[in-house]
Amino acid sequence: MNPLALTIFLLSLAIGTTITLSSYHWLLAWVGLEINTLAIIPLMTKIPHPRAIEAATKYFLTQAAASALLLFSSLINAWQTGEWNIDSISHLPMNALSIALMMKLGLAPLHFWMPEVLQGISLSTGLILSTWQKIAPMTLLLQTSHLINLDLTIILGLTSILVGGWGGIGQTQLRKIMAFSSIGHLGWMIVVLKFNPSLTLFNFIFYVIMTASMFFSLMTISATKMSEISTSWSKTPTLTTSTLLILLSLAGLPPLTGFAPKLLISLELVKQNATLLAALIMLASLLALFFYLRLTYVVSLTLPPNSPNSLSSWRTSTKTLPITAIVNTLALILLPITPTLLIFL
């Protein structure tokens with residue numbers, strides 16, 4: 001892609017998210033979300049392939065439907081209350097608005113676009129879709145968390161954790177696995193949204209760091225299928241080891257970074273007398289743990305036939321190595337400084 005065009009699209013993404021983050025008016029928030037949607041579509045279609053065109057079309061239709069629902073619910077709210085402020089919204093439009101934002105995030109059962117879209121685009125665009133594109137809708141949910149319906153968040157959160165686990169088990173494509181991983185992580189965030197919004201923000205920050213590090217690792221070793229990641233051990237052992245640890249961090253195993261959000265959310269739910277819910281989401285997360293462990297098994301304990309340990313050419317991208325190293329470090333060792341982060345949130 002032309003560097004000038006790429007710069008314009010990336011700047012548009014940044015501007016769209018900034019507009020939504022700084023808005024106090026529903027119409028302005030909607031404009032920011034629309035700029036975000038329109039800016040990423042050219043990035044999706046930068047490789048002129050039918051799968052990329054299909055992914056961009058699915059993404060556009062889904063996001064357009066969610067934006068229409070968001071605008072419709074904010075219009076109803078303005079009609080009922082006479083105000084466009086994000087803080088003042090009545091209960092009936094709030095449910096529709098929450099569903100619209102959750103559809104933009106890709107929460108189950110409104111998740112069907114997410115794996116298909118992520119599978120049809122490149123890893124770099126998939127990184128933007130899985131991290132940056134979720135900032136604006138998540139911020140709006142956090143701003144309206146005190147008005148959101150508790151039953152809605154619990155049902156959608158639990159469904160997302162289950163779907164994230166079940167969907168990822170049978171996959172061999174790494175981008176689809178990351179899509180279902182994203183759905184599962186978002187489920188954890190939404191479950192605790194009403195109880196403790198700052199904990200949702202904390203989980204979201206950790207999710208962005210871990211997902212970004214996984215995508216950067218896959219981009220560096222140029223792997224999109226499970227069979228490709230299985231051949232990486234004999235050729236780039238250091239990077240493969242960090243990828244293995246990031247998978248375990250995404251699974252939420254101690255003493256890695258991903259353990260902190262799951263531990264704190266479980267403790268918060270127990271503190272709020274929702275012990276049964278905490279037990280359910282932990283049991284549902286075992287499904288996701290299975291496919292993370294299967295991936296680590298494929299990476300570390302299987303050796304491909306007829307592949308010598310040296311003198312073999314390997315496609316590694318040196319451009320992303322420095323940022324991969326930084327983000328991988330964060331994705332692995334943030335657990336000890338978790339109390340410090342919580343003070344600021």
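Source: prediction; values computed, not measured.
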Point to revise | Separation between CD1 of I47 and OG of S124, rounded to the nearest 0.5 Å | key: 7.0 Å
Practice item. Please check if I333 and L239 belong to a single hydrophobic cluster, counting links between Ile, Leu, Val, Met, Phe, Trp and Tyr side chain heavy atoms closer than 4.5 Å. Key: yes
**Study point:** Closest contact, heavy atoms only, I53 versus T57
**Key:** O-OG1, 2.7 Å
Review point. Between the side chains of T20 and W30, is a donor N or O closer than 3.5 angstrom to an acceptor N or O?
Key: no
Practice item. Find the distance between CD1 (I86) and OG (S23) and round it off to the nearest 0.5 Å. Key: 4.0 Å
Point to revise | From L250 atom CG to Y292 atom OH, the distance as rounded to the nearest 0.5 Å | key: 4.5 Å
Check your understanding: Can you find a side-chain donor-acceptor pair between T324 and S217 that sits under 3.5 Å?
Key -> no
Point to revise | Distance-only polar pair, side chains of T125 and S122, donor-acceptor under 3.5 Å | key: yes
Check your understanding: Which atoms form the tightest heavy-atom contact between E228 and A223, and what is the distance?
Key -> OE1-CA, 3.3 Å
**Study point:** Any side-chain donor near an acceptor of the partner, K176 and S181, under 3.5 Å
**Key:** no
Check your understanding: Do Y59 and E54 have side-chain N/O donor and acceptor atoms under 3.5 Å apart?
Key -> no
Study note, to complete from the structure: Scanning both residues in full, the closest heavy-atom pair of N77 with E83 reads ND2-O, 3.5 Å
Check your understanding: Any chance CH2 of W166 has more than 12 other-residue heavy atoms, nucleotides or ligands included, within less than 6.0 Å?
Key -> no
Check your understanding: Would you say L293 and L162 are hydrophobically clustered, going by side-chain heavy atoms of ILVMFWY under 4.5 Å?
Key -> yes
Check your understanding: For the atom pair CG (L97) and CE (M102), what is the distance rounded to the nearest 0.5 Å?
Key -> 10.0 Å
Practice item. Verify side chain to side chain contact (heavy atoms under 4.5 Å, CB included) between L256 and L335, making sure each step is shown before the conclusion. Key: CA-CA 6 Å; L256 302 168; L335 183 65; over 6 Å; no
Study note, to complete from the structure: Shortest non-hydrogen pair, T296 vs L247, comes out as CG2-CB, 3.8 Å
Exercise for review: Using the six-membered ring wherever Trp is involved, compare the ring planes of Y207 and H185 and label them parallel, tilted or perpendicular (cut-offs 30° and 60°).
Suggested key: tilted
Practice item. Show your working on side chain to side chain contact (heavy atoms under 4.5 Å, CB included) between L141 and I190 and close with a plain yes or no. Key: CA-CA 9 Å; L141 275 178; I190 296 301; 3.8 Å; yes
Study note, to complete from the structure: dist I89:CD1 -> W26:CH2 (nearest 0.5 Å) comes out at 5.0 Å
**Study point:** T17 versus N36, side-chain donor and acceptor atoms under 3.5 Å
**Key:** yes
Check your understanding: Taking all non-hydrogen atoms of both residues, which atom of A278 and which atom of S266 are closest, and how far apart?
Key -> CB-O, 4.2 Å
Practice item. Go through T172 and K225 one step at a time and tell me if the side chain to side chain contact (heavy atoms under 4.5 Å, CB included) criterion holds. Key: CA-CA 6 Å; T172 56; K225 294 194 285 288; over 6 Å; no
**Study point:** N2 side chain near T7 side chain, heavy-atom distance below 4.5 Å
**Key:** no
Point to revise | Straight-line distance of T243 OG1 to N328 CG, nearest 0.5 Å | key: 6.5 Å
Review point. Would K104 and K134 count as a side chain to side chain contact (heavy atoms under 4.5 Å, CB included) if you check the C-alpha gap in whole Å, the side-chain angles of each, and the deciding distance to 0.1 Å?
Key: CA-CA 8 Å; K104 278 189 168 292; K134 298 198 184 301; over 6 Å; no
**Study point:** Shortest non-hydrogen contact from S130 toward T211
**Key:** CB-CG2, 3.9 Å
Practice item. Look at the side chain of S222 and the backbone N and O of L218, then say whether any donor-acceptor pair between them is shorter than 3.5 Å. Key: no
Practice item. For residues L174 and T224, determine if any side-chain heavy atom of one lies less than 4.5 Å from a side-chain heavy atom of the other. Key: no
